[in-house]
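A short write-up of the structure that comes next.
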Amino acid sequence: MATPTQSKKTSIPSTLLQDLSGLVFFFLGIFTLLALFSYSSQDPSFFTSSRANAKNLTGVIGSHWASLLWQALGAAAFMQAMIFFLAGLAFFRRVSKSAWLLATCNYLFLLLTTAACFGILHKTVSFGGSRFPMGGLAGDLLGGFFETYLNTTGALLLTFSLFLFAISLSSRISLRDLALYGWWALSKAALRVIGFVLFLGLQLWSYLSHAYLEIKPELF
């Protein structure tokens, strides 16, 4: 039977390792964001033969990493940085080892559904002197597969539903709560728009009334 002193000694290294892992994933998230934002087609990468010095903020490693993400995922590459942040947060929240397999599947599911949503749009994005499919190669493959059997409308509905389900799994927030948050946000935005329109209408009415009172003696 382990004594309290022994269990405390074993828990301290485990806690330090989890904190260190969380910091590593936060570093990867920041590194990925900087690499993506400073991507340039003139930098050396897996898809270019340039031998010039990398201008990427994260160096030659970042230029290779950014080019790979842009080609594979397109604009959905920014979701990869978000996944790194979520993974770091999971370590700081002391997620158990048994839950990591499910968490990894959730993150992969979230990444692929994001790419598929962008892929169905059939848009391109220009960044760093290059043009990429909005969902990258992965988004084109998944979006094309869904469109083959469901057409564009059905594919969009399916991928958006899967995207919401992936967010629910990753954030551990139920779909009901997500719907309530979405409805609350839309209602708040609608009230602000309506209030702004009413304010403009009242200001216009006041201006027209004032102008009418000024020209009324001249008219009559």
Side-chain angles (χ1 to χ4, degrees), residues 2-41 43-48 53-118 125 127-128 132 134-139 162-175 177-178 181 185:
T3 62
T5 305
Q6 291 176 337
S7 62
K8 185 176 181 180
K9 288 182 178 180
T10 56
S11 63
I12 291 178
S14 177
T15 301
L16 291 176
L17 182 60
Q18 286 185 330
D19 289 342
L20 180 60
S21 300
L23 289 175
V24 169
F25 275 106
F26 273 112
F27 166 77
L28 290 175
I30 298 174
F31 182 87
T32 301
L33 282 178
L34 291 176
L36 290 173
F37 277 119
S38 58
Y39 167 80
S40 174
S41 59
D43 288 341
S45 67
F46 295 112
F47 306 97
T48 60
N53 293 329
K55 297 179 181 179
N56 196 290
L57 293 176
T58 54
V60 65
I61 295 177
S63 66
H64 282 76
W65 176 234
S67 66
L68 181 62
L69 288 179
W70 275 113
Q71 292 287 346
L73 300 172
F78 290 98
M79 182 58 70
Q80 179 62 63
M82 182 60 64
I83 287 174
F84 282 141
F85 288 126
L86 290 175
L89 184 62
F91 271 110
F92 285 123
R93 292 180 61 186
R94 307 291 187 260
V95 175
S96 62
K97 293 181 179 179
S98 59
W100 261 107
L101 179 60
L102 178 60
T104 303
C105 293
N106 290 342
Y107 295 153
L108 181 62
F109 188 42
L110 180 61
L111 185 63
L112 292 179
T113 50
T114 305
C117 286
F118 288 157
V125 56
F127 204 93
F132 304 98
M134 196 169 182
L137 296 177
L162 292 176
F163 176 73
L164 291 179
F165 183 65
I167 291 179
S168 175
L169 289 177
S170 301
S171 60
R172 296 190 177 184
I173 300 176
S174 66
L175 291 176
D177 291 337
L178 284 176
Y181 292 149

| Once you round to the nearest 0.5 Å, how far does CZ of F132 lie from CZ of F118? | 15.0 Å
| message | Applying side-chain hydrogen bond (donor to acceptor under 3.5 Å, both in side chains), can you list everything that pairs with N53, at least two apart in sequence or on another chain? | response | none
Output a table of donor-acceptor pairs, distance under 3.5 Å, between side-chain atoms of residues 70-87 and any protein atom two or more places apart or on a different chain; print 'none' if there are none.
none

| Separation between CG of L20 and CZ of F91, rounded to the nearest 0.5 Å | 9.5 Å
Listing, residues 109-117 side-chain donor-acceptor contacts under 3.5 Å, not counting sequence neighbours, or none:
unit_1, atom_1, unit_2, atom_2, d
T113, OG1, F109, O, 2.8
T113, OG1, L110, O, 3.0
T114, OG1, L110, O, 2.7

| request: Among residues two or more places apart or on two chains, list those pairs meeting salt bridge (charged side-chain N to carboxylate O under 4.0 Å, His left out) that have a residue in residues 57-78. | output: none
| task | Keeping to residues at least two apart or across chains, list the salt bridge (charged side-chain N to carboxylate O under 4.0 Å, His left out) pairs with something in residues 14-25. | result | D19-R94
Give every donor-acceptor pair under 3.5 Å between a side-chain atom in residues 60-68 and any protein atom, sequence neighbours left out.
unit_1, atom_1, unit_2, atom_2, d
S63, OG, P44, O, 2.8
S63, OG, V60, O, 2.7
H64, ND1, V60, O, 2.8
W65, NE1, T32, OG1, 3.1
S67, OG, S63, O, 3.2
S67, OG, H64, O, 2.9

| Say you draw a straight line from OG of S21 to CZ of F26; how long is it, rounded to the nearest 0.5 Å? | 12.0 Å
| side-chain contact (heavy atoms from CB on, under 4.5 Å) partners of L34, counting only residues at least two apart | I30, L57, T58
